[in-house]
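Taking it in order: structure first as structure tokens, then the write-up.
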Amino acid sequence: MYEKHIMICGATGCLSSGSNQIAETLKEELEKQGVIDKYRLVMGGCPGFCEVGPIIVIYPDEVFYCRLKPKDMAELVEQHLIGGEIVERLLYKGPDVDAPARFYDTIPFYSKQKFNVLRNSGVIDPESIDEYIMRGGYRALRRALQMDSQAICDEVKDAGLRGRGGAGFPTGVKWGFTNKAPGPKKYIVCNADEGDPGAFMDRSILEGDPHAILEGMLIAGKACGADEGYIYCRAEYPLAIRRLKTAIQQAEEYGLLGSNILDSGFNFKMNIKEGAGAFVCGEETALLASIEGKRGMPRPRPPFPAQVGVFGKPTTINNVETLANIPLIVKEGGAAEYAKVGTEGSKGTKVFALAGKVRNTGLVEVPMGITIEEIIFDVGGGIQGGREFKAVQAGGPSGGCIPHDLINLPIDYDSLTKAGAIMGSGGLVVMDDRTCMVDLAKYFLSFTQKESCGKCTPCREGTKRMLEILERITEGEGKPEDLDTLDSLAHSIKDSSLCGLGQTCPNPVLTTIRYFRHEYEEHINEGYCRSGICKPLFQYLIDQDNCTGCRACVRVCPVEAIKGEKKEPHEIIQELCTRCGSCIEKCRQDCILITRVGSEADVSN
Amino acid sequence: MSNEAVAELNQDIDLDQVDSIIEPYLGKKEMVIPILQKVQEHFGYLPRPVMEHISRRMHIPLSRLYGVTTFYAQFKLKPRGRNIIRVCKGTACHIQGSPKISERIEEILDVESGETTDDLRFTLEEVACIGCCALAPVIMVNDDPHGRLTPDKVKDILDGYE
């Protein structure tokens, strides 16, 4: 028996802020004090609050330590583990709390969250099947194995679960299609090819709670009449793949995978396929082609994968987060319980990757129907540096920008679609007044353009033409008719592309034109980028009244374009300035101004 | 790297190694992606003689094999540097200034994204998202993430890799 469990976040966010060194130093300290046998150290899943990593949570005390450094470990061991007293210095502190906060319920970041999908992440050891079982794991599978296939589909339908991969199709209905498709051989595929730039919730689930995915797939297998599954996971997620392999091996040893599972006569074989880096493989028919060893190009539907899927057999394809919800729904009384959370059309919770210019970045799980304001200001703690909130991009390259005016918009499938965005996989990237919306639209389109597989003309050629226009606009060569051309191209691409990639990729352009038309017009008609991003369309000037002459900008300028004596206001030599932005990052007085090209020193706009 | 230099490197390829990788998959054409992944793990890239060999052993036309390798971003047909720099091009990194970071790296190394320096010291690549959005902008050099970057920090980081 251990006295305490020490969970060290071992997810990518915390690893990059040094949780490995933390773990090593902690171990050394425990050894030095001769108490290492009393504590169980787990490099566990992700508690979500990447911003304040590295994170350690100590159970059963439920104390949350953050922003840790290796040198803090000695104190942690002596004072907390041995002495039994909380190290207040290492608790969460911030402008949103009055006193150092001890745990989830007292930290504002967690106050509006509800953990369904992330229920085990950061709580159990992801490499231990016993801990998963102790938390109620595989109980839903046991129940499902005694149920009729249709009854399982019905429960999932009743719970109101919709696919978390983006399109939001009701999962129970999807299962029903595969179940009814003729033929003895059927497959379940888990889509873990999370390719949206800015979304990493699937990875966190895979790394933090791999057995939940296996259980979800097994239940799906029983409901669809499938006896084999594929997990199609990005090769860029080596830790997720390793943990899945461990989980599969453990489940096989426990008789939860293989033949005659739990003596029910149900068989299921699990395979892992590593993706090789192609965004379009998130599209289901492209993913199927990739599993078959081909170029991952989509094909027209129908026939839908439920009729003709992998290797030509009926197949259900579900996203990671969708599957992680299944054990909660299929457990005794789960469906009704599940449907209590959320809105009329969108039940349950959704995990979002909250990033960009928001103070508390990380992974958050919130009930459907929460407003944008609550997510950004209550959970996210507002905008970095107290700047102005401008917009939030929801749903990645297939989604859209939601402006400040719609801050009260509830986040659910239908409201987002109405606003021109989509739920997508759940990336939420927050933007402030230093983000240029034209540049952002260009960024997303250049991504989808590169990832377009080239099979259908509207997507292959259309995205290229749109990108060319956006490039011209950001280079100061925009023409007044460009906005109409973009709009008509965007609609043609949406209407006529073969797959989801093409059908949704104009969304970022359409929403930015819809909500930020004035910025496009400013670029085109006035040759001005107010956010200071499109290089030919602005210049930096130093505010002569506020510059203290600290020379910080002079030192950092790579082209020696800033002159001025110490304690005298500095000046930028426009002919030399490359607008690299080094000075504006460095200036502590906020006196480097973004101005129209050709403005004089005393004009601030 | 020039084509001549690549051709020279390709001369010393040991095809027996390739055979032992292919062996368990013979006759399973759907396993061609895992084969390519394992071969690349071994050689660091997919040398032409190896591609020709896989084509013969697996009875897959070289053209189709080439089609598969060029479709997926993971596969490289040219050798890569000793150190791989991956600049995250995710949304969060983009709005936190990753283009400025790329520019600075390109300036210092005199290569563009996707290229390798002539001395094989660095290969510069872009990656859609590393998943450390909280630390944006981020680059990875080999397995080390470097987060919360500004352009003036780039040189010191690169200097740390030989």
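Numbered from 1 within each chain, the chains take letters A, B, ... in sequence-line order.
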(request) Tell me, for Glu585(A) versus chain B, whether the close heavy atoms (under 4.5 Å) come from the side chain, the backbone, both or neither. (result) side chain

(request) Just give me the residue among Gln37(B), Lys28(B), His94(B) that pairs up with chain A most often, heavy atom to heavy atom, under 4.5 Å. (result) His94(B)

(message) Please classify the contact between Lys294(A) and chain B as side chain, backbone, both or neither, with a heavy-atom cut-off of under 4.5 Å.
(response) backbone

(request) Under 4.5 Å heavy-atom distance to chain B, tell me which part of Phe279(A) shows up: side chain, backbone, both or neither. (result) neither

(request) Identify which part of Glu194(A) has an atom lying under 4.5 Å from any heavy atom of chain B, answering side chain, backbone, both or neither. (result) neither

(request) For each of Met31(B), Lys100(B), Glu107(B), tally heavy-atom pairs with chain A at distances under 4.5 Å, and name the one with the top tally. (result) Lys100(B)

(message) Tell me which of these, Ser582(A), Ser17(A), Cys580(A), has more heavy-atom pairs under 4.5 Å with chain B than the rest.
(response) Cys580(A)

(request) Side chain from CB out, backbone as N, CA, C, O: work out which of these in Leu354(A) comes under 4.5 Å of a heavy atom of chain B, or both, or neither. (result) neither

(message) Counting only non-hydrogen atoms closer than 4.5 Å, does Arg234(A) touch chain B with its backbone (N, CA, C, O), its side chain (CB onward), both, or neither?
(response) side chain

(request) Examine whether an atom of Asp432(A) lies under 4.5 Å from a heavy atom of chain B, and if so say whether it belongs to the side chain, the backbone or both; otherwise answer neither. (result) neither

(request) Please state whether the side chain, the backbone, both or neither of Tyr237(A) comes within less than 4.5 Å of a heavy atom of chain B. (result) neither

(request) Let me know if Ile95(B) has heavy atoms under 4.5 Å from chain A in its side chain, its backbone, both or neither. (result) both

(message) Under 4.5 Å from any heavy atom of chain A, what part of Glu126(B) do you find: side chain, backbone, both or neither?
(response) side chain

(request) Select one option (side chain, backbone, both, neither) describing which atoms of Val430(A) are under 4.5 Å from chain B's heavy atoms. (result) backbone

(request) Let me know if Ser204(A) has heavy atoms under 4.5 Å from chain B in its side chain, its backbone, both or neither. (result) neither

(message) Counting only non-hydrogen atoms closer than 4.5 Å, does Arg64(B) touch chain A with its backbone (N, CA, C, O), its side chain (CB onward), both, or neither?
(response) neither

